[in-house]
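Accompanying notes for the structure given below.
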Amino acid sequence: MNKNIIFGITLCEVADEVKENDIDRIVSAGLNGIRFHISWRDVEKERGKFDFSFYDDLVDKAKEKGLFIIAGIGSGYSSMLPDWILEENKESLNLFTYIPKLSRFINESVERFKGKIDIWQAENEINHTSFHVLNGWRQKPWTLNPVGELSILLGIISSIKANDPQGKIMINLECDNPNWLPLLKFFTKKKLPFDIIGIDFYPCYSPTFSPSDPIFSDYSRILKLREIIDCASKFEKDVIIAETGYPAQKENYTYENQASYIHQTVQVVLTTKAKGLFIWELADQFSKGPEFPEYYFGLLDNERKEKLAWNAYKNEIKEETQTIFVSVRGLILREPKPGIRIYIDDRLVGYTNIDGFFISQSLPEGEYSVKIKGFF
């Protein structure tokens, strides 16, 4: 494993998604980082009464195992907000009262865990609140404009810095939404004080967010991730893939395609300036119901059984491999299924129809002949 890159996974949004042996399982797979949200709902169920017992245990166990921790804080998702906050703001979001109460919660959280959290993530995909509201993840008042986004981020970041001056701060942006780049420029112009750009990227959504299968419908998506990382790196801040993943098994989303995407994403990280990768997510979210495809991204199913992608991620991290980048850009295929055969020294090593497919092989140093054949 490349010791300079954090290979992690998102553990949970809320406390009841975590199982007793999750941390041990993550460590045994060779991962070295976790990401989770400190849920305001779980900590301050009653106004002014804070209960951090779940996060005390989680953070202590993770640090005992030597894991790198990203903790999201201040998310406006309804599932992570106390009922009393949702009730106060059900008609409109009053930033003059909301931000001070949010800051109080963050002050308590950061003071408790400073020195143990490696990166504080401020809010979550704040450039994508309209989509969150459309899907019922946020209440309508949490639809934010750039000024509101900046105000909330400033409130969160100021509270973090006041309590953990040396703490690193990340903002994560949903980069399937093209507004991420102009908003990042806006934040930079306003001198928003953060250290890390978090990229959230999902290949299973077309530009119109339809549930189409990218393996068959949009062959350039893995290249798009590379382009986004390269673009974000120009802002002279560290870049981490904070969220990415692929759902399985559900309708036309397959276990094989999920494993293929995990494999390719690791190779993107190894061949760009990204400093880390956090896959969404450890396990399917059984608690949220059958909505498709959001709750099938787990590398484990909701009974904690391993999918193909779990082993794909584990093997990518643990094995030293040679990586070969194969492009089939511009080819017109007769069938939608993978039809390009890839050979190394006349030995068949894989199939693809994805522009930007990565083949990894455990090969000794030397020169190799790479060929592609297929029906075009």
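All values below were derived from every heavy atom in this structure, side-chain atoms included, with hydrogens, water molecules and symmetry-related copies excluded.
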TODO: Check K63, K168, R35 against D118 for a salt bridge (charged side-chain N to carboxylate O under 4.0 Å, His left out) and give me the one that passes.
DONE: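 Of all the options given, the one that passes is K63.
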So do [Y] and [X] actually touch side chain to side chain, heavy atoms under 4.5 Å?
{"X": "L93", "Y": "L144", "value": "yes"}
{"X": "F68", "Y": "N32", "value": "no"}
{"X": "I106", "Y": "W40", "value": "no"}
{"X": "Y295", "Y": "N302", "value": "no"}
{"X": "F50", "Y": "V43", "value": "yes"}
{"X": "D42", "Y": "F54", "value": "no"}

Roughly how far, to the nearest 0.5 Å, is [atom2] of [Y] from [atom1] of [X]?
{"X": "H37", "Y": "Q121", "atom1": "NE2", "atom2": "CD", "value": "5.0 Å"}
{"X": "I99", "Y": "L102", "atom1": "CD1", "atom2": "CG", "value": "7.5 Å"}
{"X": "Y202", "Y": "Y246", "atom1": "OH", "atom2": "OH", "value": "14.0 Å"}
{"X": "F131", "Y": "N135", "atom1": "CZ", "atom2": "CG", "value": "4.0 Å"}
{"X": "I169", "Y": "K237", "atom1": "CD1", "atom2": "NZ", "value": "10.0 Å"}
{"X": "I171", "Y": "L153", "atom1": "CD1", "atom2": "CG", "value": "6.0 Å"}

Open item on the list: I'd like to know whether NZ of K161 has more than 12 heavy-atom contacts from other residues, nucleotides or ligands below 6.0 angstrom.
Closed with: yes
For [X] and [Y], which heavy atoms make the closest approach, and how far apart are they?
{"X": "W142", "Y": "L81", "result": "CZ2-CD1, 3.5 Å"}
{"X": "D22", "Y": "E17", "result": "OD2-O, 4.2 Å"}
{"X": "R41", "Y": "S78", "result": "NH2-O, 3.4 Å"}

- [ ] Please work out whether the ring planes of H132 and H128 are parallel, tilted or perpendicular, with thresholds of 30° and 60°.
- [x]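 If you compare the ring of H132 with that of H128, the planes turn out perpendicular.
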Task: CA sep, side-chain torsions, deciding dist, call: E306, R25, salt bridge (Lys or Arg N to Asp or Glu O under 4.0 Å) - done: CA-CA 11 Å; E306 296 175 2; R25 193 166 192 170; 3.4 Å; yes
Looking at [Y] and [X], is any side-chain nitrogen of the basic one under 4.0 Å from a carboxylate oxygen of the acidic one?
{"X": "D83", "Y": "K45", "value": "no"}
{"X": "D176", "Y": "K224", "value": "no"}
{"X": "E44", "Y": "K101", "value": "no"}

Task: Y77 vs N124, side-chain hydrogen bond (donor to acceptor under 3.5 Å, both in side chains): CA-CA, chis, key distance, verdict - done: CA-CA 8 Å; Y77 283 45; N124 190 69; 3.1 Å; yes
Open item on the list: One pair to check against side chain to side chain contact (heavy atoms under 4.5 Å, CB included): E108 and F52. What are the steps and the verdict?
Closed with: CA-CA 10 Å; E108 295 282 343; F52 288 99; 4.0 Å; yes
TODO: State, without any angle test, whether Q264 and S260 hold a side-chain donor-acceptor pair at a distance under 3.5 Å.
DONE: yes
Open item on the list: Quick one about E88 and Y98 (side-chain donor to acceptor, distance below 3.5 Å, no hydrogens or angles considered), yes or no?
Closed with: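 Their side chains do not contain a donor-acceptor pair, so the 3.5 Å distance test is not met.
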Task: Short side-chain to backbone donor-acceptor contact, D164 and I160, under 3.5 Å - done: no
Task: I73, I157, I156 screened by side-chain contact (heavy atoms from CB on, under 4.5 Å) with E123, the one that passes - done: I156
Open item on the list: Checking K61 against E64 for the salt bridge (Lys or Arg N to Asp or Glu O under 4.0 Å) test, could you report, in this order, the C-alpha distance in whole Å, the side-chain angles of both residues, the deciding distance, and whether it holds?
Closed with: CA-CA 5 Å; K61 186 166 187 178; E64 178 186 328; over 6 Å; no
Open item on the list: Test side chain to side chain contact (heavy atoms under 4.5 Å, CB included) on I26 and L11; report intermediate values, then the result.
Closed with: CA-CA 9 Å; I26 286 168; L11 185 59; 4.0 Å; yes
- [ ] Determine, step by step, whether I240 and I119 satisfy the side chain to side chain contact (heavy atoms under 4.5 Å, CB included) criterion, reporting the C-alpha distance in whole Å, the side-chain angles of both residues, the deciding distance to 0.1 Å, and the verdict.
- [x] CA-CA 11 Å; I240 287 176; I119 295 175; 3.6 Å; yes
